Amino acid sequence: MLAAAAACAAVLGAQTVALADAPNDPGFNQQWALTGSPSSIHAPQAWCANLGGVLVADVDTGADFKHPDLAGKLIAGARFTSGRGDSSHPDAVGQQAVQDDHGHGTMTTGIMVADTNNGMGISGVAPDAKALIVKVLVPDNSGSASGNGVDVAAGIRYAADYPGVRVINLSIGSDIPTLLGISVFSSPIPAAIDYASQHGVLVVAAAGNNYGNQTEYTSVENEALVAGALARNGAAASYSSSGSNIDAPGGDAPATSGATPDVSILSTWWDPNTRSSAYAAGDGTSFAAPQVAGTAAMLMARGLTAAQARQTILDTANGKHLNAAAALGRADNGPACPPAATGAPPPNGGGLNVKPATPPKAAQSSRPKTPAAPAQVAAAPSPSPSPSPSPSPTASPSPAQEPDTLPSPRVLAHAPAGGGSIPAPIIALVAIVGIGGGYAGLKLFTILR
């Protein structure tokens, strides 16, 4: 199951260094998910207890290994995109195999482990954590990314068996048709999540961006953390699927204006248009899950088991709202403890400029959303998209603030994954019952949340 790059999985120690009140990353003051809003997770206070020095895995579209704000934070894992779904025999291994070619994975990874207090870009939820990158989705002709359920399951098992991995972030899901609430097909993904749990690895899965529908992860909610999304004001995001057992900031930009750092989640991004490193803002449960995964990393770096970390997060939540500070035993209104600085303070106060990006093609989505671009890293271009599983919202670009802006990214919402067609009798039954819902594509899809 691990056949691949078991190379350097060394992770930084979890040091606690009380410095200034905030890290010097230019984008930090726009990361309302971390601090300063009704739905924030109070990360700066949690950092006083631990910085998350463990290895997390991101099973997604890959990550941008050339991104300045992810330098030294990524470990190349393996790619599973052929449909074979054999966790012990990846399709390819190494950095080139898992390089992001879509943007979604770079965004989810950055939320968890972006280099923090380095004078550029954004701050990560778990500053000392590193990320194992497992690629299971590829861009499709809808403007989103898709993959096969068996490959996603193989990626989860591969990550669970990889030495040192403690947490797996899964911002994708299987778009499975249901008849009167009963699944027409069985997905291999829940079984893979169960496998990870049995091997002491905590999986955090995005609930989905299909408001009005139940998350498909209900069968594993007793062993995994299923993340719903919150808007900046603390309310449930308008697109978030029901059935989550923990909620975290995911953004909720008005459909009329699109995603911006003010109301959406800011992160690193790989821009498919310019094929270069960038930053973007987007909405989706895809971006709520990494907030939870980063918090779990901080708890497990303190020696908690996967089961203990999961229960602690649930027990210390405000209702279902994630509170990283409380989980780490800190007051959410207490002092902040940024990690030691690794870069020079940003010039001119580190202000971020954002300008609209060209909207992406609408992937299967029930409510389009938009991403925007922020802080400039070296010669970084624009930001990233927000994917999701089951039918969810799609992101588009965001408006500019101030001059000298960076180009803004696309926000890709849920992308379908390859699979077999639904038998004709079932199609007929769905038509008769009238509950085709968001599954009109008549395919088994694994999509970005």
Side-chain angles (χ1 to χ4, degrees), residues 32-33 37-39 104 107-108 111 142-145 170-176 178 204-218 226-267 280-292 320-322 359-372 384-398 410-416 437-441 445-449:
W32 54 266
S37 75
S39 66
H104 185 256
M107 196 163 184
T108 53
I111 292 170
S142 73
S144 192
L170 187 65
S171 290
I172 56 180
S174 167
D175 192 359
I176 301 173
T178 59
V204 180
N209 308 331
N210 194 18
Y211 177 76
N213 289 294
Q214 186 81 1
T215 178
E216 71 213 56
Y217 290 118
T218 52
V226 182
L230 298 173
R232 180 169 182 165
N233 64 6
S238 61
Y239 53 81
S240 191
S241 296
S242 60
S244 61
N245 55 18
I246 190 71
D247 295 333
D252 198 6
T256 54
S257 62
T260 70
D262 285 343
V263 291
S264 304
I265 304 300
L266 179 63
S267 187
D283 305 314
T285 56
S286 275
F287 308 140
Q291 314 273 350
V292 181
K320 287 199 303 179
H321 294 200
L322 174 67
K361 295 179 180 178
Q364 282 200 345
S365 67
S366 51
R367 176 172 177 265
K369 300 231 163 227
T370 308
S384 120
S386 146
S388 128
S390 8
S392 62
T394 302
S396 71
S398 77
R410 312 183 294 169
V411 172
L412 316 170
H414 333 148
Y439 304 103
F445 289 134
T446 296
I447 56 188
L448 302 176
R449 299 256 182 205

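Predicted model only: the values in this text are computed from it and were never measured. In this chain, numbering begins with 1 at the start of the sequence shown.
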Going by side-chain hydrogen bond (donor to acceptor under 3.5 Å, both in side chains), N213 matches just one of N209, N210, T215. Which one? N210
Sequence neighbours left out, what passes side-chain contact (heavy atoms from CB on, under 4.5 Å) with A237? Give chain and number order. A229, Y239, S240, D252
With distance as the sole test, does N245 use its side chain to make a donor-acceptor pair with the main-chain N or O of V226 at under 3.5 Å? yes
Can you name the closest pair of heavy atoms from M107 and S267 and give their distance? O-OG, 2.7 Å
List for me each residue that meets side chain to side chain donor-acceptor pair (under 3.5 Å) alongside S242, sequence neighbours excluded, and say none if there are none. Q214
On a heavy-atom basis, which atom in A289 and which in A205 lie closest, and how many Å separate them? CB-C, 4.3 Å
Considering all heavy atoms, the nearest P38-G234 contact: CB-N, 4.0 Å
Give a yes or no answer on whether the side chain of T285 reaches the backbone of A206 with a donor-acceptor pair at less than 3.5 Å. no
Closest heavy-atom pair and its distance - V204, A227: CG1-CB, 4.5 Å
Shortest non-hydrogen contact between P261 and A281, atoms and distance: N-CB, 3.8 Å
Any donor-acceptor pair under 3.5 Å linking the side chain of S39 with the backbone of L230? no
In short, salt bridge (Lys or Arg N to Asp or Glu O under 4.0 Å) pairs touching residues 235-248 with sequence neighbours left out are D247-K320
Correct closest heavy-atom pair for A253 and G258 would be CB-O, 3.2 Å
Here the salt bridge (Lys or Arg N to Asp or Glu O under 4.0 Å) pairs for residues 227-239, sequence neighbours left out, are none
